[in-house]
Amino acid sequence: MYHIARDQHGCRFLQQRLDDGKREVDFIFAGVARHAVELMVNPFGNYLMQKLLAVCDDEQRMAIVLTLTKDPFVLVRISLNVHGTRAVQKLIESLRTREEIQLVVEALRPGFLELIKDPNGNHVVQRCLQSFDANDNKPIFEAAAVHCLDIGMQCHGCCVLQRCIARSGGEQREKLVAAIASNGFELAQDAYGNYVVQYVIDLKVPTANASLTKQFQGRYIHLSMQKFSSNVVEKCLKVFKEADKATIILELLAVPHFEQLLQHPFANYVIYSAIQNSKGSLHSALTNAIRPHVELLRTSPYCKRIYSRALLKK
């Protein structure tokens, strides 16, 4: 049975037999269950295991779970495999009892960091977040908070980190958001981390945004002149409280050569956002600082957006 399951045509035949009723399910289960680890990473066998997980009874499913979780690193290894990741995701979807869920989560726990950063493994973690409740996912949230800087600066990790925030609640969410915010300056300058910081800013958690404000203050020029962190400064100008927006704009206006910001390939976007998100005396101060450079705005490729503002044309 095991050798048939590893063959393309044999695997397809066994999958069809699983539709023929309980007797066939029991027969195939008896022949392949003890080989679950090998079959889940097999190019053909993984499809049979996925189908078997969908049709087996509670006792059979628990037997498979116990086989896969005897050694925790086995389930992690399967999850990192291009074929195994699909089978483990199907396993996660099929779990019904708290005992099964806890066995699987505990087996995955030692490899959370590696899984989150892996192109195959991250889908397993995301399936856990999607399928289990916040209490069952608590070990994932704890690992994400501890390693948020490392995770947030990685292409797969930044997506998982945002999903963790969305799926967590209460104290777990507070800890996770606080951990990310405390690393905000480093994350803001990263190609992937800046998205995580923007996500946190949009949550409008007072303590988190206060932490970010404290880190950013006095560094807004530095952040505005970098490709990734300039997006974060723009987000700050859209979301922060008026007093914090004023701090940003006053920092921009205090630059000795303001025209350099207008011509800068990234900072010019920040200036544009400042115009859009300011009012009263601050808005007037901005436009007054820009007007002496109107000829520059007409000709510089990075200034045309600013010049196009109707207020400045007048």
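Quantities reported herein were computed from a predicted structural model and do not represent experimental measurements.
Atom NZ of Lys22 and atom CG of Asp57 lie 4.5 Å apart (nearest 0.5 Å). Between His156 atom NE2 and Asn120 atom CG the span is 8.5 Å, to the nearest 0.5 Å. Rounding to the nearest 0.5 Å gives a distance of 11.0 Å between CD of Gln60 and CD1 of Ile28. A distance of 6.5 Å separates CD of Gln102 from CG of Asp136, quoted to the nearest 0.5 Å. From Ile64, atom CD1 reaches atom CD of Glu100 across 10.0 Å, with rounding to the nearest 0.5 Å. How far OG of Ser168 is from CD1 of Ile140: 11.0 Å, rounded to the nearest 0.5 Å.
Side-chain contact between Asp244 and Cys236: absent, with no pair of heavy atoms (C-beta onward) separated by less than 4.5 Å. For the pair Ile180 and Ile165, the minimum side-chain heavy-atom distance is below 4.5 Å. For the pair Gln189 and Phe228, the minimum side-chain heavy-atom distance is 4.5 Å or more. By the 4.5 Å heavy-atom criterion applied to side chains, Arg6 and Tyr2 are counted as neighbours. For the pair Val37 and Leu75, the minimum side-chain heavy-atom distance is 4.5 Å or more. The shortest distance between side-chain heavy atoms of Gln172 and Glu142 falls below 4.5 Å. Counting only heavy atoms from C-beta outward, the side chains of Leu14 and Glu24 never approach each other to under 4.5 Å. Contact annotation: the side chain of Ser224 never approaches that of Phe266 to less than 4.5 Å [non-hydrogen atoms, C-beta and beyond].
Ionic pairing of Arg17 and Asp20 is present here: one or more N-O contacts between side-chain nitrogen and carboxylate oxygen are shorter than 4.0 angstrom. Salt bridge Arg12/Asp7: absent, no basic N to carboxylate O contact under 4.0 Å. The pair Arg167-Asp133 does not count as a salt bridge, with every side-chain nitrogen at least 4.0 angstrom from each carboxylate oxygen. The existence of a salt bridge linking Asp202 and Lys238 is excluded, since no basic side-chain nitrogen approaches an acidic carboxylate oxygen closer than 4.0 Å. A salt bridge between Arg96 and Asp58 is absent, with no side-chain N of the basic residue lying under 4.0 Å from a carboxylate O of the acidic one.
Around atom NZ of Lys279, no more than 12 heavy atoms belonging to other residues, nucleotides or ligands sit under 6.0 Å away. A 6.0 Å sphere centred on CZ of Arg86 holds no more than 12 heavy atoms belonging to other residues, nucleotides or ligands. The number of heavy-atom neighbours closer than 6.0 Å to OH of Tyr47, taken from other residues, nucleotides and ligands shown, is 12 or below. Shown here is Glu59, whose CD atom has no more than 12 heavy atoms of other residues, nucleotides or ligands within 6.0 Å. No more than 12 heavy atoms of other residues, nucleotides or ligands shown are found within 6.0 angstrom of CD on Glu99. The neighbour count for Glu106 CD, taken as heavy atoms of other residues, nucleotides or ligands under 6.0 Å away, is above 12. Atom CZ of Phe141 sits in a crowded spot, with more than 12 heavy atoms from other residues, nucleotides or ligands closer than 6.0 Å.
Listed here is the closest heavy atom pair of Gln215 and Ser182: OE1-O, 3.5 Å. Taking both residues in full, the closest heavy atoms of Phe258 and Leu252 are given as CD1-O, 3.4 Å, listed atom of the first, atom of the second, then distance. Residues Met62 and Leu103 approach most closely at SD-CD1, 4.0 Å, considering heavy atoms. Contact detail for Val25 and Cys56: the closest heavy-atom pair is CG1-CA, 4.2 Å. In terms of heavy atoms, Ala179 sits closest to Ala145 at CB-O, 3.6 Å. In plain terms, the two heavy atoms of Ile221 and Glu251 that are nearest each other are CD1-O, 3.6 Å.
One hydrophobic cluster holds both Val124 and Phe132 under the rule that ILVMFWY side chains link at heavy-atom gaps under 4.5 Å. Under the 4.5 Å side-chain heavy-atom criterion for grouping Ile, Leu, Val, Met, Phe, Trp and Tyr, Val239 is connected to Ile249 within one hydrophobic cluster. Neither Tyr195 nor Val125 shares a network with the other; the hydrophobic side chains, linked directly or stepwise wherever heavy atoms of I, L, V, M, F, W or Y lie under 4.5 Å apart, form separate groups for each. Note on Tyr192 and Val160: separate hydrophobic clusters, where clusters join Ile, Leu, Val, Met, Phe, Trp and Tyr whose side-chain heavy atoms are under 4.5 Å apart, directly or indirectly. Put simply, Val82 and Val88 are part of two different groups of oily side chains (I, L, V, M, F, W, Y) that touch within less than 4.5 Å, one to the next.
Looking at Asp118, its side chain never comes within 3.5 Å of a backbone N or O of Glu114 through a donor-acceptor pair. For the pair Ser131 (side chain) and Cys128 (backbone), a donor-acceptor distance under 3.5 Å is absent. Between the side chain of Asn194 and the main chain of Asp190, a donor-acceptor pair closer than 3.5 Å is present. A donor-acceptor contact shorter than 3.5 Å links the side chain of Thr247 to the backbone of Ala243. The backbone N or O of Gly157 sits less than 3.5 Å from a side-chain atom of Gln154, completing a donor-acceptor pair. A distance-only check finds no donor-acceptor pair linking the side chain of Ser211 to the backbone of Thr207 [under 3.5 Å]. When atom types are taken as modelled, the side chain of Lys51 and the backbone of Gln15 share a donor-acceptor pair closer than 3.5 angstrom.
A donor-acceptor contact closer than 3.5 angstrom links the side chains of Gln50 and Asn46. Side-chain contact of Gln89 with Thr85: a donor-acceptor pair under 3.5 Å is present, judged by distance alone. Counted by atom type alone, His264 and Gln260 present zero donor-acceptor pairs between their side chains at under 3.5 Å. With hydrogens and angles left out, the side-chain atoms of Glu38 and Asn42 include no donor and acceptor closer than 3.5 Å.
For Arg23 and Phe27, the positive end is not near the middle of the six-membered ring at less than 6.0 Å and at most 45° from its axis. A cation-pi contact, defined as under 6.0 Å to the ring centre and within 45° of the axis, links Arg219 to Phe185.
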For side chain to side chain donor-acceptor pair (under 3.5 Å), just list the numbers for Gln126 and Asn122, CA-CA rounded to whole Å, side-chain angles, deciding distance to a tenth of an Å, and then say yes or no. CA-CA 6 Å; Gln126 294 204 53; Asn122 85 89; 3.0 Å; yes
Would you check, one step at a time, whether the test side chain to side chain contact (heavy atoms under 4.5 Å, CB included) holds for Ser278 with Lys245? CA-CA 8 Å; Ser278 60; Lys245 289 182 186 180; over 6 Å; no
Run the numbers on Leu261 and Met225 for side chain to side chain contact (heavy atoms under 4.5 Å, CB included), then give the verdict. CA-CA 8 Å; Leu261 294 183; Met225 297 180 77; 4.1 Å; yes
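Shown are Leu223, Leu253, Leu237; of these, the side-chain contact (heavy atoms from CB on, under 4.5 Å) with Ile248 is made only by Leu237. Each of Val105, Thr97, Val104 was compared with Ile101 under the side-chain contact (heavy atoms from CB on, under 4.5 Å) criterion, and only Val105 meets it. Evaluated for a side-chain contact (heavy atoms from CB on, under 4.5 Å) with Met40, the options Val74, Leu68, Asn81 yield exactly one hit, Leu68.
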